[in-house]
Enquirer: 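One structure, pasted below without further comment.
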Number of protein chains: 2
Amino acid sequence: MNGIAEVARVAGVSKSTASRALSGAGYVSEETRRRVASAASEVGYVPSAPAVSLASGRTRTVGVVLPGVTRWFFAQVLEGIQESLLSAGLDLVLYDARSGTPGRRRIFDDFLARRRFDGLIAVGVEPHDAELERIEAVRCPVVSVASAGFPDDIAIDDIDVSRRATEHLLGLGHRRILFLGGGTGRRTSVESRRFEGYRVAMDAAGLGERATHVHCDVTVPGGYAAAADILGDLRARPTGIVAVADEVAIGAIIAAQRLGIEIPHGLSVIGVDDHEYAGMFLLTTLAQDARAQGSAAVDLLLRRMAAEPGGLVAPASQPQVRLVVRNSTSAPFETPQA
Amino acid sequence: MNGIAEVARVAGVSKSTASRALSGAGYVSEETRRRVASAASEVGYVPSAPAVSLASGRTRTVGVVLPGVTRWFFAQVLEGIQESLLSAGLDLVLYDARSGTPGRRRIFDDFLARRRFDGLIAVGVEPHDAELERIEAVRCPVVSVASAGFPDDIAIDDIDVSRRATEHLLGLGHRRILFLGGGTGRRTSVESRRFEGYRVAMDAAGLGERATHVHCDVTVPGGYAAAADILGDLRARPTGIVAVADEVAIGAIIAAQRLGIEIPHGLSVIGVDDHEYAGMFLLTTLAQDARAQGSAAVDLLLRRMAAEPGGLVAPASQPQVRLVVRNSTSAPFETPQA
DNA sequence: CTGAAAGCGCTTACAG
DNA sequence: CTGAAAGCGCTTACAG
């Protein structure tokens with residue numbers, strides 16, 4: 001005899017009663033509950049997950065789809081999700097769907113359909129139409145984080161954030177301001193929106209014609225390589241850079257230092273995120289709390305899982321961003337060539 | 001009717017036959033197999049994971065325990081694992097057990113016992129005794145990567161790697177060589193072993209008394225802060241640093257630059273890993289292939305899962321390391337004060 | 001408040 | 001090569 005049957009035998013009750021006592025669902029006398037509980041711990045009872053799932057229809061598992069864990073933001077969100085899930089007693093199955101990988105195809109074509117989870121969190125996924133269909137076909141609660149293409153449940157205002165970043169530079173007197181990062185590979189909406197915010201601010205300052213998007217991978221080496229190229233050209237060099245994310249900003253700062261350009265006097269750089277390294281590079285940035293977005297995603301998902309199907313559950317609030325001024329931005333040293 | 005029962009009905013066979021045809025286990029005529037297969041795709045059959053698990057005793061899932069995903073090495077190993085698992089059709093449940101977190105306790109006390117996986121990969125976990133007991137109690141195949149405390153299945157030779165790093169510096173003429181990184185928080189064996197390799201090399205060069213371990217978090221900011229402190233002291237300044245990992249080495253390089261110390265003339269720095277940023281910082285390092293270690297772990301685990309219980313399956317080979325000489329090391333500029 | 005019974009959707013000997 | 005039946009370990013109406 002094994003599992004709950006043994007617990008029941010030791011406690012001297014039926015399996016049904018043991019089950020109710022353990023799960024807390026249904027009426028059980030306090031006395032019985034105690035007896036079952038001690039029987040369970042006596043025999044070291046651990047419920048069989050597949051049996052529970054099969055009988056109850058719930059897996060006690062949440063799926064997380066994200067485009068890799070190397071970018072700071074995704075790693076942070078993942079850790080936030082994991083932490084909340086752990087304390088809710090839920091398992092986390094991970095689907096690393098970096099765009100363009102064969103793995104991504106398999107995830108959307110096969111793994112999602114298996115439905116090994118009660119709910120799904122998509123982080124930075126930005127599914128295309130076919131992928132979106134797959135997700136919807138799963139018919140389980142979904143929460144998106146920083147993933148345009150869905151109703152964007154949890155995400156900062158990506159247009160506003162770069163508008164603010166750009167205005168910070170404009171306010172310091174910069175005129176030659178470049179937008180750096182993103183635009184390689186499949187165009188993501190987050191990147192497009194951040195560029196858009198920059199453009200809006202440049203327009204409002206009458207500098208719309210100067211708005212420039214220099215593309216690069218959203219990584220430190222990506223920012224480094226692109227910035228080295230730009231900054232090498234003395235005549236065309238901008239006085240300020242709005243980076244799509246801190247990784248790119250940091251790459252640009254490293255490139256500038258390599259070229260003997262002093263930050264901030266020779267070049268101002270502002271990013272988005274407040275990356276782990278931001279303090280070290282004295283980077284001015286629009287900070288967001290990525291871990292908190294991870295736990296907010298779990299909270300929202302749990303509420304959606306608890307709601308009746310079809311019931312719309314809205315996010316509690318939108319994550320905010322705040323300007324952290326460090327020392328990578330200042331008035332331009334060279335007079336802007338008006 | 002649902003699931004395999006419907007497939008069976010459409011194909012005009014019994015559930016047993018449908019099951020055998022789909023799983024490929026047991027005899028089925030080619031003709032029947034075809035009929036079942038087309039029935040399955042016709043009705044869009046996806047097996048119920050919990051039902052399969054309950055009936056077969058296999059979850060088709062692998063658990064991965066690791067101390068966070070922020071460190072480059074762990075993120076890479078995780079991606080390597082995910083990729084191999086995906087192509088093997090296995091799910092990955094993630095347990096982020098950063099040491100000292102409440103999550104870690106819960107993982108070892110509760111989650112592991114649920115046994116929601118057929119096998120477990122522990123990356124950089126270095127469990128203490130109580131944790132090790134929990135893992136063993138799970139009684140399922142386990143593979144460890146860079147996790148002392150187990151039979152260390154997949155791991156570079158951590159003593160040898162820093163011995164080589166140190167000898168590289170010694171060979172260039174350095175005498176004042178410091179070992180930087182690790183030793184904060186719970187002492188991990190990887191860190192201790194790398195320090196040990198450094199000590200061995202220093203000893204062999206008759207410099208054993210100068211062997212010094214400066215502790216810091218194994219992160220870029222950790223290396224930065226510790227190096228800034230050390231390098232600020234002009235008289236005691238080393239000419240060479242052996243870093244426990246590239247993150248620390250990179251932090252040290254950034255600190256040196258900040259202090260106006262030129263690399264490599266004013267200071268040589270060597271790391272271990274070949275981090276994504278190593279090229280950018282021209283870092284000389286002992287490179288290891290972390291992703292490959294992730295897939296090697298999966299290969300080994302699959303072989304162990306296939307073997308009869310108790311059968312010992314050894315790793316195919318030990319991951320190797322190679323010296324990548326870039327530009328962060330050279331002969332010391334200042335004559336060493338012999 | 002408790003128990004007997006059915007059922008979740010598969011797999012797997014077993015018999016044919 | 002195929003099918004009927006039992007069983008994996010739970011949960012959940014249902015009846016009492």
Side-chain angles (χ1 to χ4, degrees), chain A residues 1-37 39-40 43-61 89 91 110 113-118 139-140 305, chain B residues 1-37 39-40 43-61 89 91 113-118 138-140 305:
Chain A
M1 200 163 342
N2 35 29
I4 205 171
E6 180 162 13
V7 174
R9 189 181 56 75
V10 171
V13 298
S14 69
K15 286 195 307 175
S16 337
T17 301
S19 172
R20 277 188 301 255
L22 259 16
S23 72
Y27 296 94
V28 185
S29 75
E30 195 41 41
E31 153 68 6
T32 306
R33 186 188 309 281
R34 244 191 290 280
R35 225 151 14 100
V36 172
V43 307
Y45 173 65
V46 178
S48 148
V52 172
S53 297
L54 185 57
S56 70
R58 327 250 280 88
T59 61
R60 302 199 59 72
T61 298
D91 275 308
D110 307 339
R114 291 191 194 168
R115 218 185 171 310
R116 300 226 21 190
F117 37 76
D118 300 328
R139 304 199 156 290
C140 77
M305 282 165 25
Chain B
M1 200 165 340
N2 36 28
I4 205 170
E6 181 163 12
V7 174
R9 189 182 55 75
V10 171
V13 298
S14 70
K15 285 196 307 177
S16 337
T17 300
S19 172
R20 278 188 301 254
L22 259 16
S23 71
Y27 297 95
V28 185
S29 75
E30 195 40 43
E31 153 67 6
T32 307
R33 186 188 310 282
R34 244 192 291 280
R35 225 150 15 101
V36 172
V43 307
Y45 172 66
V46 178
S48 149
V52 172
S53 298
L54 186 57
S56 70
R58 327 250 279 86
T59 61
R60 301 200 59 72
T61 299
D91 275 307
R114 291 190 194 170
R115 216 184 173 309
R116 302 226 19 191
F117 37 77
D118 300 328
V138 176
R139 304 200 157 289
C140 77
M305 283 165 24

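Because the structure is a prediction, the values reported are computed rather than measured. Residue numbers begin at 1 in each chain, while the letters A, B, ... track the order of the sequences.
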Enquirer: Ala51(A): what forms a side-chain contact (heavy atoms from CB on, under 4.5 Å) with it, not counting sequence neighbours?
Expert: Ser48(A), Leu54(B)
Enquirer: Show me, range against range, the stems involving DNA chain C, built from at least 3 consecutive Watson-Crick or G-U pairs below 3.5 Å.
Expert: C:1-3 with D:14-16, C:5-12 with D:5-12, C:14-16 with D:1-3
Enquirer: Name all pairs fulfilling the salt bridge (charged side-chain N to carboxylate O under 4.0 Å, His left out) condition that reach into residues 50-60 of chain B, sequence neighbours left out, sorted by first residue then second.
Expert: Arg58(B)-Asp118(B)
Enquirer: Write down the distance between CZ (Arg34(A)) and C1' (dC1(C)), rounded to a whole number of angstrom.
Expert: 15 Å
Enquirer: Taking side-chain contact (heavy atoms from CB on, under 4.5 Å) as the definition, give me every residue that meets it alongside Ser16(B), ordered by chain and number, with sequence neighbours left out.
Expert: Ser14(B), Arg20(B)
Enquirer: Check salt bridge (Lys or Arg N to Asp or Glu O under 4.0 Å) between Glu31(B) and all other residues, then give those that pass, not counting sequence neighbours.
Expert: Arg35(B)
Enquirer: Write down the distance between CG (Leu22(B)) and C1' (dT2(D)), rounded to a whole number of angstrom.
Expert: 16 Å
Enquirer: Using the test side-chain contact (heavy atoms from CB on, under 4.5 Å), find all partners of Val52(A) that sit at least two apart in sequence or belong to another chain.
Expert: Pro47(A), Ser56(A)
Enquirer: Do you know the tightest heavy-atom contact between Arg115(A) and Cys140(A)?
Expert: NH2-CB, 3.5 Å
Enquirer: Output the distance between atom CG (Asp91(A)) and atom CZ (Arg116(A)), rounded to the nearest 0.5 Å.
Expert: 9.5 Å
Enquirer: Just to be sure I understand the rule, does Thr32(B) reach a base, reach only the sugar-phosphate, or reach nothing, if contact means heavy atoms closer than 4.0 Å?
Expert: sugar-phosphate
Enquirer: So, using side-chain contact (heavy atoms from CB on, under 4.5 Å) as the criterion, who are the partners of Ala40(A) when residues are at least two apart?
Expert: Val7(A), Leu22(A), Tyr45(A)
Enquirer: Please encode protein proximity along nucleotides 3-10 of chain C as a string of B, S and -, counting only heavy-atom distances under 4.0 Å.
Expert: BBB-BBBB
